[in-house]
2 protein chains.
Amino acid sequence: MHACHEHATCVEEALGAADRICAERELRFTDLRRRVLSLIWENHGSSKAYDIMEKLGGDYSAKPPTVYRTLDFLQENGLVHKINSLNAYVGCSHPLKHKDCFFLICSCCNEVQECCASHVADTLRDMAGKNKFSPRHTTLEIEGECQDCLKKN
Amino acid sequence: MHACHEHATCVEEALGAADRICAERELRFTDLRRRVLSLIWENHGSSKAYDIMEKLGGDYSAKPPTVYRTLDFLQENGLVHKINSLNAYVGCSHPLKHKDCFFLICSCCNEVQECCASHVADTLRDMAGKNKFSPRHTTLEIEGECQDCLKKN
DNA sequence: AAACAGTATGTTATACTATAACATTGCCGA
DNA sequence: TCGGCAATGTTATAGTATAACATACTGTTT
């Protein structure tokens with residue numbers, strides 16, 4: 001499902017992008033934030049907050065507020081997304097232009113693909129408009145089976 | 001936001017519809033199930049599981065599994081929907097034909113409007129297809145502000 | 001009616017998800 | 001170096017959900 005065959009590359013790219021974004025915005029991309037983002041990207045699927053917490057373990061012996069605050073920071077800056085239907089978090093594949101994206105969640109291999117399709121966003125905006133509704137944030141998560149898993153089964 | 005000005009009517013209609021659906025499917029629409037569905041419909045907004053639990057109180061002194069099991073039953077039979085972004089539940093406005101619906105959630109008045117628009121569903125299905133993805137269930141929740149609240153503010 | 005099977009509900013305990021409130025540390029400019 | 005602010009640590013608790021097992025209810029068969 002994922003286009004990235006050399007997975008270490010994904011992680012490095014994501015961290016590099018985060019470095020740049022934080023530098024531009026004069027935000028501190030601290031060791032903790034870097035480590036959490038890295039852990040999230042090391043997963044092809046989505047990451048649960050408490051799993052991240054355990055992986056931080058050791059030196060950090062992190063507690064919930066530490067993890068949630070870090071996740072909040074990453075979300076606010078478009079570096080990760082929360083998947084509401086899973087209570088889990090995924091790295092954003094294209095930070096900076098991360099508006100109106102949605103997710104294809106394979107319940108077989110657990111991978112999550114982020115998509116952006118402006119015509120989908122347009123359709124949703126039109127529909128909201130017809131209902132006289134002013135949208136602020138859209139949660140669009142489609143659960144199903146990805147191509148690879150369909151082939152296998 | 002809601003079309004129903006005589007709110008008691010909504011509740012009665014929803015209970016009546018549930019009666020019919022359960023009868024058709026030879027399911028038991030027990031007192032507990034009826035009561036939970038009624039509590040959900042008495043709210044214009046969405047209902048939290050633990051709030052429902054408290055309202056059941058008295059005679060029932062319900063505990064979490066009782067409430068969640070009842071909610072599961074209602075969901076499985078299309079009588080209520082879970083709003084993942086709120087961890088809350090709403091009554092389904094048109095049970096039996098409850099496929100591909102989505103929600104407009106006003107964060108000002110907390111009302112939730114359920115919508116079905118086949119062209120939205122079509123757009124999403126196309127998009128999934130282009131990504132070689134076979135969708136099973138879609139979570140589409142749009143948070144924003146409804147017409148009434150926009151006017152007021 | 002009594003026995004039975006299956007569904008529904010009750011009960012106890014616990015897992016999982018998230019935040020409040022306050023303390024401490026670390027960074028950076030005045 | 002002092003003061004201020006951002007980041008992280010710490011303790012406690014709130015909020016959401018399920019597992020596992022016990023009991024009760026409903027309808028059918030004998």
Side-chain angles (χ1 to χ4, degrees), chain A residues 18-19 21-23 25-40 43 45-77 79-90 110 139 141, chain B residues 18-19 21-23 25-40 43 45-77 79-90 110 139 141:
Chain A
D19 262 332
I21 289 167
C22 290
R25 300 188 183 176
E26 300 190 333
L27 299 168
R28 297 191 211 159
F29 193 46
T30 62
D31 191 42
L32 177 63
R33 290 167 177 173
R34 169 181 294 276
R35 188 135 177 230
V36 169
L37 185 59
S38 176
L39 287 170
I40 289 172
N43 247 348
S46 58
S47 302
K48 309 284 272 180
Y50 274 68
D51 290 343
I52 293 170
M53 199 171 72
E54 280 189 11
K55 285 180 191 156
L56 284 175
D59 302 4
Y60 292 87
S61 70
K63 290 174 184 57
T66 299
V67 174
Y68 283 105
R69 272 191 301 231
T70 307
L71 288 170
D72 286 346
F73 171 88
L74 296 172
Q75 282 178 88
E76 279 160 14
N77 293 288
L79 299 169
V80 311
H81 297 290
K82 178 171 184 184
I83 307 294
N84 284 312
S85 56
L86 299 176
N87 292 326
Y89 304 83
V90 294
N110 294 313
T139 297
E141 301 165 5
Chain B
D19 261 333
I21 289 167
C22 289
R25 300 187 183 177
E26 300 191 333
L27 299 167
R28 296 191 212 158
F29 193 46
T30 62
D31 191 42
L32 176 63
R33 290 167 178 172
R34 169 181 295 274
R35 187 134 178 232
V36 169
L37 186 59
S38 177
L39 287 170
I40 289 173
N43 247 347
S46 57
S47 303
K48 310 283 274 180
Y50 275 68
D51 291 343
I52 292 170
M53 199 170 74
E54 279 188 12
K55 285 181 192 156
L56 283 176
D59 302 5
Y60 292 88
S61 70
K63 290 173 184 61
T66 298
V67 174
Y68 284 104
R69 274 191 299 231
T70 306
L71 288 170
D72 286 347
F73 171 88
L74 296 172
Q75 282 178 86
E76 279 160 14
N77 293 289
L79 299 169
V80 311
H81 297 290
K82 177 172 184 183
I83 307 294
N84 284 311
S85 56
L86 300 176
N87 292 326
Y89 304 82
V90 294
N110 294 314
T139 296
E141 300 164 6

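Worth knowing before you read on, the calculation uses all heavy atoms, side chains too, and leaves out hydrogens, waters and symmetry mates. Computed from a predicted structure; not experimentally measured. Throughout, a chain's letter reflects where its sequence line sits, starting with A, and its residues are numbered from 1.
- Within the 4.5 Å cutoff, side-chain heavy atoms of Arg34(B) are placed close to those of Asp19(B).
- Protein atom CG of Asp31(A) is 16 Å distant from nucleotide atom C1' of dA6(D), rounded to whole Å.
- Counting any heavy atom pair closer than 4.0 Å across all strands shown, Arg69(A) reaches a base atom.
- In this structure, Asn87(A) reaches the dA18(C) phosphate: one of its side-chain N or O atoms is under 4.0 Å from OP1 or OP2.
- Residue Thr30(B) is in sugar-phosphate contact alone, with no base atom involved, counting any heavy-atom pair closer than 4.0 Å across all strands shown.
- Within 3.5 Å, a donor on the side chain of Tyr50(A) pairs with an acceptor on the base of dA18(C), or the reverse.
- Rounded to whole angstrom, the span from the NZ atom of Lys82(B) across to the C1' atom of dG15(D) amounts to 12 Å.
- Closest approach of Ile40(A) and Tyr89(A) over heavy atoms only: CG2-O, 4.2 Å.
- When the side-chain nitrogen and oxygen atoms of Thr66(B) are compared with OP1 and OP2 of dG10(C), one or more of them lie within a distance under 4.0 Å.
- Rounded to an integer number of Å, the gap from Leu32(B) CG to dT7(C) P is 18 Å.
- Side-chain atoms of Tyr68(A) lie closest to dT17(C) of the nucleotides dG9(D), dT11(D), dT17(C).
- At a threshold of 4.0 angstrom between heavy atoms, the contacts of Phe29(B) with the nucleic acid are absent.
- Of the side-chain N and O atoms in Tyr89(B), one or more sit less than 4.0 angstrom from OP1 or OP2 of dA17(D).
- Rounded to whole Å, atom P of dC25(D) lies 15 Å from atom CZ of Arg33(B).
- Thr66(A) is listed as a side-chain neighbour of Leu32(A), based on a closest heavy-atom distance under 4.5 Å.
- With hydrogens and angles left out, the side chain of Arg28(B) and the base of dG27(D) share no donor-acceptor pair within 3.5 Å.
- Taking side-chain N and O atoms only, Lys63(A) has no distance below 4.0 Å to OP1 or OP2 of dT17(C).
- Taking side-chain N and O atoms only, Lys48(B) has a distance below 4.0 Å to OP1 or OP2 of dT16(D).
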